[in-house]
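Side chains included, hydrogens not; waters and symmetry mates left out as well; all remaining heavy atoms used. Both counts, for ligands and for their atoms, begin at 1 and track the order of listing. Computed from a prediction, not measured in an experiment: that's the story for all the values here. Index from 1, following the sequence.
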Amino acid sequence: MTKEKIILTGDRPTGRLHIGHYVGSLRRRVELQDAGDYKKMFVFIADAQALTDNMDTPEKVRQNVIEVALDYLACGLDPARCTLFIQSQIPELCELTFYYMDLVTVSRLQRNPTVKTEIQMRNFEASIPVGFFTYPISQAADITAFRATTVPVGEDQEPMLEQAREIVRRFNHIYGETLVEPEILLPDNAACLRLPGTDGKAKMSKSLGNCIYLSDDADTVAQKIKTMYTDPNHLRVQDPGQVEGNPVFTYLDAFCRPEHFGRYLPDYPSLEELKAHYRRGGLGDVKVKKFLTAIMQETLEPIRTRRKEYEKDIPAIYDMLRKGCEDARQAAAQTLDDVRRAMKINYFDDEELIREQAARFAPSA
Ligand code: ATP
Ligand code: MG
């Protein structure tokens with residue numbers, strides 16, 4: 001790991017952040033920030049991207065910008081150590097997107113598996129908004145504008161990173177070495193790659209209503225876990241149960257640490273033993289869910305408390321974001337200068353060009 005690392009990630013302001021965001025990306029960002037092993041860190045609220053599939057509900061996006069900012073601060077992102085900003089306030093990103101569009105084909109965009117799934121989820125098959133269809137290109141602009149080397153995200157973002165890398169390679173090949181090729185940083189724990197929903201669906205997602213939010217109060221969290229999906233064939237305590245595809249155990253994989261047993265479930269030495277008992281039969285869902293609830297409350301309580309503190313001064317948060325946008329704009333403007341120069345559309349700061357053209361048109365003596 002070098003000090004040259006530049007980290008960038010973001011979230012769409014389509015709702016409050018949930019525990020899937022936390023294990024998929026947010027927890028990693030805070031760890032990276034606290035380790036201090038990087039040159040710069042940018043975290044942004046992707047409001048312009050959120051509008052590509054929420055164009056009819058601008059108020060929803062607007063309201064959730066502050067919710068996401070609060071979630072960031074509550075989780076421990078620190079504006080003194082990372083730049084927090086709002087995507088739409090950086091117009092340089094639109095310009096980069098416009099140029100990158102020349103480097104991507106329609107069929108390449110159609111192959112993106114995450115976008116394919118999202119189109120189905122939103123019933124966009126019959127008519128896909130162009131902005132939504134092309135959001136992987138705008139995401140490449142977000143990443144490259146800040147010369148990001150490292151992008152900590154969940155597994156669903158892999159195709160976006162691959163698209164960004166292709167754009168960088170193509171750009172540098174045609175116009176000369178200008179852009180930095182980013183690398184994805186996936187969670188190292190398999191359960192965190194794509195945390196399932198409380199309904200057992202493949203992905204916890206704001207748009208599916210199957211989330212435990214970081215800001216849910218203790219009662220709501222307890223209630224959501226109590227009613228969450230488990231193995232549907234595990235009807236009686238003595239029945240053998242299935243751990244695979246059972247989100248209660250996936251959440252334990254993502255959040256449980258060895259010391260939790262001592263604190264909340266001392267009759268088991270480890271998660272492996274707990275799983276083995278569930279598989280054999282004789283272990284009820286209620287007991288496992290109680291254990292999970294205790295762990296979740298322990299994890300979420302400090303986040304809730306910090307959020308409440310930040311909620312007391314909302315204008316200060318907008319000030320912090322405004323400052324972040326100014327810093328981010330400066331960084332993006334530098335990259336845009338390089339891009340314009342490389343693409344030969346920098347007419348007025350290139351004295352050589354003006355001299356050359358003058359010579360070309362000079363009457364021959
Ligand atoms: P939307 O439904 O509006 O797309 P979302 O819940 O998918 O919202 P995003 O803002 O698209 O959230 O994703 C932000 C980040 O969180 C990305 O890095 C993504 O990989 C990660 N992420 C989102 N959901 C999960 C999940 N269930 N498990 C792991 N990571 C996740
Ligand atoms: Mg998403």
Report yes if G20 has an N/O atom closer than 3.5 Å to an N/O atom of ligand 1; otherwise report no. yes
Just to be sure I read this right, does ligand 1 sit under 4.0 Å from the backbone of K206, its side chain, both, or neither, counting only heavy atoms? both
For a quick test of reading the model, state the closest non-hydrogen atom pair linking R16 to S215 and the distance between them. NH1-OG, 2.8 Å
Can a non-hydrogen atom of E118 be found less than 4.0 Å from any atom of ligand 1? no
I need the nearest protein heavy-atom contact for atom 17 (C) of ligand 1: residue, atom name and distance, please. Q157 CG, 4.0 Å
Identify which of R12, H21, M204, R194 has a heavy atom lying nearest to atom 13 (O) of ligand 1. H21
Please check whether E155 reaches ligand 1 - meaning an N/O of the residue sits under 3.5 Å from an N/O of the ligand, judged on distance alone. no
Has A50 got any heavy atom lying under 4.0 angstrom from an atom of ligand 1? no
Can a non-hydrogen atom of M121 be found less than 4.0 Å from any atom of ligand 1? no
Can you check whether G154 has an N/O within less than 3.5 Å of an N/O in ligand 1? yes
Side chains of residues 120-133: which donor-acceptor partners sit under 3.5 Å, not counting sequence neighbours?
from : atom 1 : to   : atom 2 : distance (Å)
R122 : NE     : D53  : OD2    : 2.4
R122 : NH1    : E118 : O      : 3.3
R122 : NH2    : D53  : OD2    : 3.0

Any N or O of D156 that comes nearer than 3.5 Å to an N or O of ligand 1? yes
So is L193 in contact with ligand 1, going by heavy-atom distances below 4.0 Å? yes
